Amino acid sequence: QFKQSNSVSLWMSGAVVPSGNVNFSAQTSGKYFVDFGNGDAVLTPIFDLDLLKLSGKVNIANGLLNYSLGRFGVSDLTGKVFSQTCDGMLIKYSMTSFEANAYVGFTGYLNAMNAAMLSSEHKVHAVDGLVYVMAHSYMPVCLSLEIPSLFLNQTLNAQLSGFFDFEGTAYNRYYGTLALNGPIFGPIYYSALTSFGLENFESLSNYTALSIQVYPVSFFTLKVNAEYASGTQLIFKPFVTFTSNTAYNSTLNPELAGVIMPNVDFIFTWDTLYASLNAKAVYSYPETDITFQGLNFSASMFFNIFSDLQLGVSAIYYHDIVTAGEMNSASVNVNLSLSF
């Protein structure tokens with residue numbers, strides 16, 4: 001099976017008032033996919049308004065209030081449950097001792113061809129149409145609190161989030177997340193996170209991640225990570241995200257559930273160059289048995305050719321072990337960004 005895609009984006013940003021306290025940004029894009037899987041080329045055109053945001057800041061008492069209104073990218077504390085473009089409002093209030101933020105959104109006007117959200121069947125909502133198809137209507141609500149320098153320069157984050165179904169399926173999801181991060185000693189840092197999910201206040205599930213980061217020199221970072229997304233174990237049911245999140249890149253594109261994935265990141269930055277490599281071992285853990293599925297590799301490179309011209313190249317390869325190569329998958333993406 002072979003797929004090919006090209007895309008082009010145009011964006012703009014600027015200050016609404018001379019002080020720079022209120023800003024406006026927008027981006028629109030067009031792309032197409034060509035699927036050669038069945039011998040005949042199937043063309044799928046897509047148009048989207050990726051960004052339309054008004055943002056600003058106001059000093060209140062001893063803190064700073066930041067706000068964003070419109071369509072823009074949003075991510076929850078895990079970066080796995082909710083990570084997509086959404087229409088809504090984000091308010092963040094910061095002081096030296098804490099930071100609190102609240103987000104409320106609506107997905108019904110998004111392009112379903114770009115907004116992949118999971119249905120009650122734990123699959124991406126089916127899309128029938130071309131160019132621009134209205135998405136399933138949900139209302140995401142996220143409340144977050146961050147306490148920096150809690151003790152020994154450790155930072156505590158807590159978040160409650162809910163995703164309310166506005167259509168007849170009434171499929172609601174709720175999550176509670178805690179995260180702790182900070183230095184261990186010298187150039188070694190850690191981050192730990194756990195998130196518990198409920199579907200319609202049933203089917204308790206869990207996602208947990210641990211990362212150790214080492215900064216031996218200014219231009220190199222090493223990260224050793226481990227992820228667990230519950231299957232049917234003990235009191236847990238399979239973990240379910242809101243935004244579709246592929247656990248690893250086999251041809252099946254499995255969602256993040258019933259897996260254990262130790263992995264390592266190598267990150268290199270030098271002047272105008274950024275490069276990274278991730279190597280991941282994938283273990284399937286649907287119930288009681290743990291099976292080594294395969295190895296997942298991803299690499300990316302971004303190079304600022306000029307101050308207004310950037311070249312990006314990324315590649316992903318999954319090597320299937322459990323079925324001797326039947327689920328092998330590879331992809332390459334090339335991106336050229338020009339600002340004017």
Side-chain angles (χ1 to χ4, degrees), residues 2-16 20 22-36 41-56 66-76 79-80 82-90 103 105-117 124-125 127 129-136 140 242-246 249 253 267 269 272-276 278 298-316 330-340:
F2 176 72
K3 296 181 180 180
Q4 192 273 334
S5 175
N6 287 327
S7 65
V8 61
S9 299
L10 295 173
W11 67 94
M12 62 170 291
S13 62
V16 177
V22 182
N23 297 280
F24 175 78
S25 54
Q27 177 177 310
T28 185
S29 65
K31 63 182 177 182
Y32 68 83
F33 291 93
V34 182
D35 190 343
F36 298 93
V42 178
L43 176 67
T44 304
I46 303 173
F47 171 81
D48 209 350
L49 181 63
D50 309 297
L51 175 68
L52 187 65
K53 182 173 74 170
L54 184 71
S55 59
N66 288 272
Y67 62 87
S68 298
L69 304 169
R71 176 172 296 186
F72 50 92
V74 190
S75 181
D76 78 318
K80 304 289 185 179
F82 180 45
S83 183
Q84 63 178 75
T85 297
C86 195
D87 297 326
M89 175 177 64
L90 174 66
Y103 177 80
F106 182 68
T107 66
Y109 299 122
L110 302 177
N111 188 346
M113 305 182 77
N114 280 335
M117 300 173 292
V124 176
H125 285 282
V127 178
L130 300 173
V131 185
Y132 202 109
V133 180
M134 293 296 188
H136 193 96
F242 175 75
T243 305
S244 174
N245 195 306
T246 301
N249 298 94
N253 293 318
I267 302 172
T269 56
T272 60
L273 177 68
Y274 170 90
S276 67
N278 174 269
S298 61
S300 62
M301 184 276 291
F302 295 94
F303 178 62
N304 292 323
I305 302 172
F306 302 110
S307 61
D308 57 356
L309 183 64
Q310 183 187 76
L311 173 66
V313 180
S314 60
I316 298 173
S331 64
V332 177
N333 182 69
V334 179
N335 180 71
L336 191 66
S337 298
L338 174 65
S339 301
F340 57 88

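Since the model is a prediction, treat every value here as computed from it, not as a measurement. Hydrogens, waters and symmetry mates play no part in the numbers below; they use all other heavy atoms, side chains included.
With sequence neighbours left out, the side chain to side chain contact (heavy atoms under 4.5 Å, CB included) criterion links Val22 to Val16, Val17, Leu54, Tyr67. Residues passing the side chain to side chain donor-acceptor pair (under 3.5 Å) test with Ser276 are Ser300, sequence neighbours excluded.
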What do the steps show when you test Leu90 against Lys53 for side chain to side chain contact (heavy atoms under 4.5 Å, CB included), and what is the final call? CA-CA 11 Å; Leu90 174 66; Lys53 182 173 74 170; over 6 Å; no
Apply side chain to side chain contact (heavy atoms under 4.5 Å, CB included) to the pair Val313 and Phe303, showing each step before the final yes or no. CA-CA 9 Å; Val313 180; Phe303 178 62; over 6 Å; no
Between Cys86 and Thr107, is the side chain to side chain contact (heavy atoms under 4.5 Å, CB included) condition met? List the steps. CA-CA 6 Å; Cys86 195; Thr107 66; 3.9 Å; yes
Give the intermediate values and the outcome of side chain to side chain contact (heavy atoms under 4.5 Å, CB included) for residues Asn114 and Gln84. CA-CA 9 Å; Asn114 280 335; Gln84 63 178 75; over 6 Å; no
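In this structure a side-chain-to-backbone donor-acceptor pair under 3.5 Å is missing from Ser29 to Val8. The main-chain N or O of Gly30 is never found under 3.5 Å from a side-chain atom of Ser9 such that the two would form a donor-acceptor pair.
In this structure, CG in Leu49 is found 10.0 Å from CG in Leu110, a value given to the nearest 0.5 Å. Interatomic distance, Ser5 OG to Tyr32 OH, rounded to the nearest 0.5 Å: 7.0 Å. One finds the OH atom of Tyr274 at 8.5 Å from the OG1 atom of Thr269 (value rounded to the nearest 0.5 Å). The distance from the CG atom of Asn111 to the OG1 atom of Thr85 is 10.5 Å, given to the nearest 0.5 Å. Within the model, atoms CG of Leu311 and CZ of Phe306 stand 12.0 Å from one another, a figure rounded to the nearest 0.5 Å. The line from CD1 of Ile46 to OH of Tyr132 is 11.5 Å long, rounded to the nearest 0.5 Å.
Of all the heavy atoms in Ala135 and Met117, the pair that sits closest is CB-CE, 3.8 Å. Pairing each heavy atom of Asp50 with each of Arg71, the nearest pair is O-CG, 3.8 Å. Of all the heavy atoms in Asn23 and Ala15, the pair that sits closest is OD1-CA, 3.4 Å. Closest heavy-atom contact between Gly79 and Asn245: O-ND2, 3.9 Å. Here the shortest heavy-atom pairing between Met113 and Gly129 reads CE-O, 3.8 Å. For the residue pair Leu51 and Ser25, the shortest heavy atom distance occurs at CD2-OG, 3.7 Å.
For the pair Leu52 and Phe24, the minimum side-chain heavy-atom distance is below 4.5 Å.
Using cut-offs of 30° and 60° on the angle between ring planes, the pair Tyr103 and Phe82 is tilted.
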Would you tabulate the side-chain donor-acceptor contacts of residues 331-338 under 3.5 Å, counting partners in other chains and residues two or more places apart, or write 'none'?
{"from": "Asn335", "atom 1": "ND2", "to": "Ser337", "atom 2": "OG", "distance (Å)": "3.0"}

